[in-house]
*Asks:* 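Take a look at this one; I'll ask things after.
Note that this is a predicted model, so its numbers are computed, not measured.
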Amino acid sequence: MSGARVIVGVALLGLAAYAYAAYARQAGGEGTAPEAGGGVFDWLDSAQSSLGEIGAEFSDLVREVDFMNSNNTQNGNSPEANVRAFLVVLQQCEGTAAQGDPYRVCFGYSHTVQNMGDHPAVTGEWGGQRLSDQQCAGAGQGPGCVSTAAGAYQMIRPTWLAKKRQLGLPDFSPASQDAAAVQLLRDCGAYTRLAAGDLAGAVSAARRTWASLPGANYAGQGMRSMSDVTAWYQAAGGGTA
């Protein structure tokens with residue numbers, strides 16, 4: 001068994017114990033966690049469902065680790081370096097990289113996040129920015145819609161809350177934002193493409209999530225060129241197959 005699989009296996013056992021402990025606390029009469037936005041964890045309904053979800057997620061992780069290790073041997077890419085480089089690309093494409101602190105940027109540069117305890121649309125610090133009618137139409141919404149995109153990767157409130165619950169993120173810090181962005185890359189299939197050094201494939205997969213990537217073609221949303229993306233990616237240490 002490879003070292004990576006051993007680590008994954010140990011982590012799986014640890015999370016299984018965590019799930020059982022959470023269930024035991026629930027059975028003992030502890031209150032449930034607050035609604036979304038008010039706490040870090042959403043307690044699961046039972047140990048059985050907890051372990052099932054964790055087991056499925058770790059099965060995916062095991063396959064991912066195996067894929068990356070195999071791919072790494074074959075083409076010399078560093079999956080971790082490629083993902084880090086792509087995070088730089090996303091900040092460049094979203095226009096946050098040019099700001100003083102990319103992790104505090106709100107959509108349209110209309111506000112700078114002060115409280116990093118949570119997404120500014122969760123803390124109530126910022127209510128979002130109204131979009132143009134063309135942008136609303138491009139997003140499939142009616143006139144007068146509002147964007148709550150915030151942070152280095154311009155995550156809207158519902159997306160952030162979903163990743164916060166999934167990953168147990170404690171705040172809106174740079175580390176938490178990075179973790180949420182990496183999970184979004186996994187969700188859309190861009191992560192394994194980056195691990196393979198397939199930049200074009202990663203862009204194609206991720207542009208459904210980030211409208212600023214080449215080929216997204218959302219009405220009213222600016223897109224970057226593939227040549228810009230490639231230059232930023234390579235400058236940040238990303239490799240291709």
Side-chain angles (χ1 to χ4, degrees), residues 37 40 78-131 135 139 146-164 166-188 190-191 193-194 199 202-203 205-216 218 220-239:
V40 176
S78 166
E80 183 179 330
N82 292 353
V83 171
R84 284 200 306 267
F86 200 74
L87 292 181
V88 172
V89 167
L90 291 175
Q91 292 184 30
Q92 291 283 2
C93 288
E94 292 295 318
T96 60
Q99 305 305 304
D101 184 348
Y103 294 91
R104 295 180 182 268
V105 176
C106 289
F107 180 82
Y109 315 112
S110 57
H111 180 77
T112 300
V113 180
Q114 301 300 311
N115 179 3
M116 299 295 276
D118 210 330
H119 190 289
V122 173
T123 62
E125 176 183 327
W126 178 67
Q129 176 76 15
R130 180 170 176 166
L131 300 178
Q135 289 172 322
V146 171
S147 173
T148 55
Y153 310 102
Q154 294 291 280
M155 280 179 252
I156 60 174
R157 183 180 186 273
T159 299
W160 166 255
L161 287 176
K163 296 305 107 181
K164 175 186 174 181
Q166 180 181 0
L167 302 173
L169 301 175
D171 50 32
F172 200 58
S173 66
S176 292
Q177 291 184 40
D178 286 351
V182 170
Q183 185 60 49
L184 287 171
L185 291 175
R186 288 191 174 101
D187 293 344
C188 71
Y191 191 96
R193 289 170 172 80
L194 288 168
L199 177 60
V203 168
R207 68 191 180 198
R208 297 188 295 271
T209 303
W210 285 279
S212 58
L213 288 171
Y218 286 95
Q221 298 286 336
M223 289 186 302
R224 304 296 184 168
S225 69
M226 193 63 197
S227 60
D228 281 342
V229 165
T230 302
W232 290 325
Y233 178 75
Q234 292 176 342

*Asks:* Apply side chain to side chain contact (heavy atoms under 4.5 Å, CB included) to Gln92 and Asp228, showing your working.
*Replies:* CA-CA 9 Å; Gln92 291 283 2; Asp228 281 342; over 6 Å; no

*Asks:* If you look at every heavy atom in Ala81 and Gly237, which pair is closest and at what distance?
*Replies:* CB-O, 4.1 Å

*Asks:* Show your reasoning for whether side chain to side chain contact (heavy atoms under 4.5 Å, CB included) applies to Met223 and Arg207.
*Replies:* CA-CA 10 Å; Met223 289 186 302; Arg207 68 191 180 198; over 6 Å; no

*Asks:* Measure from the side-chain N and O atoms of Gln154 to the backbone N and O of Val105, and report whether any donor-acceptor pair falls under 3.5 Å.
*Replies:* yes

*Asks:* Can you give me the closest heavy-atom contact between Gly151 and Thr96, atom names plus distance?
*Replies:* O-CG2, 3.6 Å

*Asks:* Do Arg208 side-chain atoms and Cys188 backbone N/O form a donor-acceptor pair below 3.5 Å?
*Replies:* yes

*Asks:* Go through the structure and list residues passing side-chain contact (heavy atoms from CB on, under 4.5 Å) with Ala121, not counting sequence neighbours.
*Replies:* His119, Thr148, Arg157

*Asks:* For Arg84, what residues pass the side chain to side chain donor-acceptor pair (under 3.5 Å) criterion, not counting sequence neighbours?
*Replies:* Glu80

*Asks:* Taking only residues two or more places apart in sequence or in another chain, which ones pass side-chain contact (heavy atoms from CB on, under 4.5 Å) with Ser176?
*Replies:* Trp160, Leu169, Pro170, Asp171, Ser173

*Asks:* Answer whether the closest heavy-atom distance between the side chains of Val113 and Thr123 falls below 4.5 Å.
*Replies:* no

*Asks:* Which atoms form the tightest heavy-atom contact between Gly95 and Tyr109, and what is the distance?
*Replies:* O-OH, 3.1 Å

*Asks:* Please name all residues satisfying side chain to side chain donor-acceptor pair (under 3.5 Å) with Glu94, sequence neighbours left out, ordered by chain then number.
*Replies:* Ser212

*Asks:* Tell me if a side-chain donor or acceptor on Arg224 pairs with a main-chain N or O of Cys93 at a distance below 3.5 Å.
*Replies:* yes

*Asks:* Taking all atoms of both residues into account, what is the closest heavy-atom pair of Ile156 and Ser147, and its distance?
*Replies:* CG2-OG, 4.4 Å

*Asks:* Sequence neighbours excluded, which residues qualify as side-chain contact (heavy atoms from CB on, under 4.5 Å) partners of Gln129?
*Replies:* Phe107, Ser110, Trp126

*Asks:* Please enumerate all residues that pass side chain to side chain donor-acceptor pair (under 3.5 Å) together with Gln91, with sequence neighbours excluded.
*Replies:* Tyr103, Tyr153

*Asks:* Please step through side chain to side chain contact (heavy atoms under 4.5 Å, CB included) for the pair Val88 and Tyr233, ending with a clear verdict.
*Replies:* CA-CA 7 Å; Val88 172; Tyr233 178 75; over 6 Å; no

*Asks:* Side chain of Gln183, backbone of Leu167: donor and acceptor closer than 3.5 Å?
*Replies:* no

*Asks:* Of all residues at least two apart in sequence or in a different chain, which pass the side chain to side chain donor-acceptor pair (under 3.5 Å) check with Arg104?
*Replies:* Asp101

*Asks:* How would you list, by chain and number, every residue that makes a salt bridge (Lys or Arg N to Asp or Glu O under 4.0 Å) with Asp187, sequence neighbours excluded?
*Replies:* Lys163

*Asks:* Identify, with sequence neighbours excluded, every residue that meets side-chain contact (heavy atoms from CB on, under 4.5 Å) alongside Ser227.
*Replies:* Ser225

*Asks:* Looking at every heavy atom in both Asn82 and Leu194, which two are closest together, and how far apart are they?
*Replies:* ND2-O, 2.8 Å

*Asks:* When you look at Gln234 and Leu199, which way does the side chain to side chain contact (heavy atoms under 4.5 Å, CB included) test go after all the steps?
*Replies:* CA-CA 10 Å; Gln234 292 176 342; Leu199 177 60; over 6 Å; no

*Asks:* Which pair of heavy atoms, one from Met226 and one from Val203, lies closest together, and at what distance?
*Replies:* CE-CG2, 3.9 Å

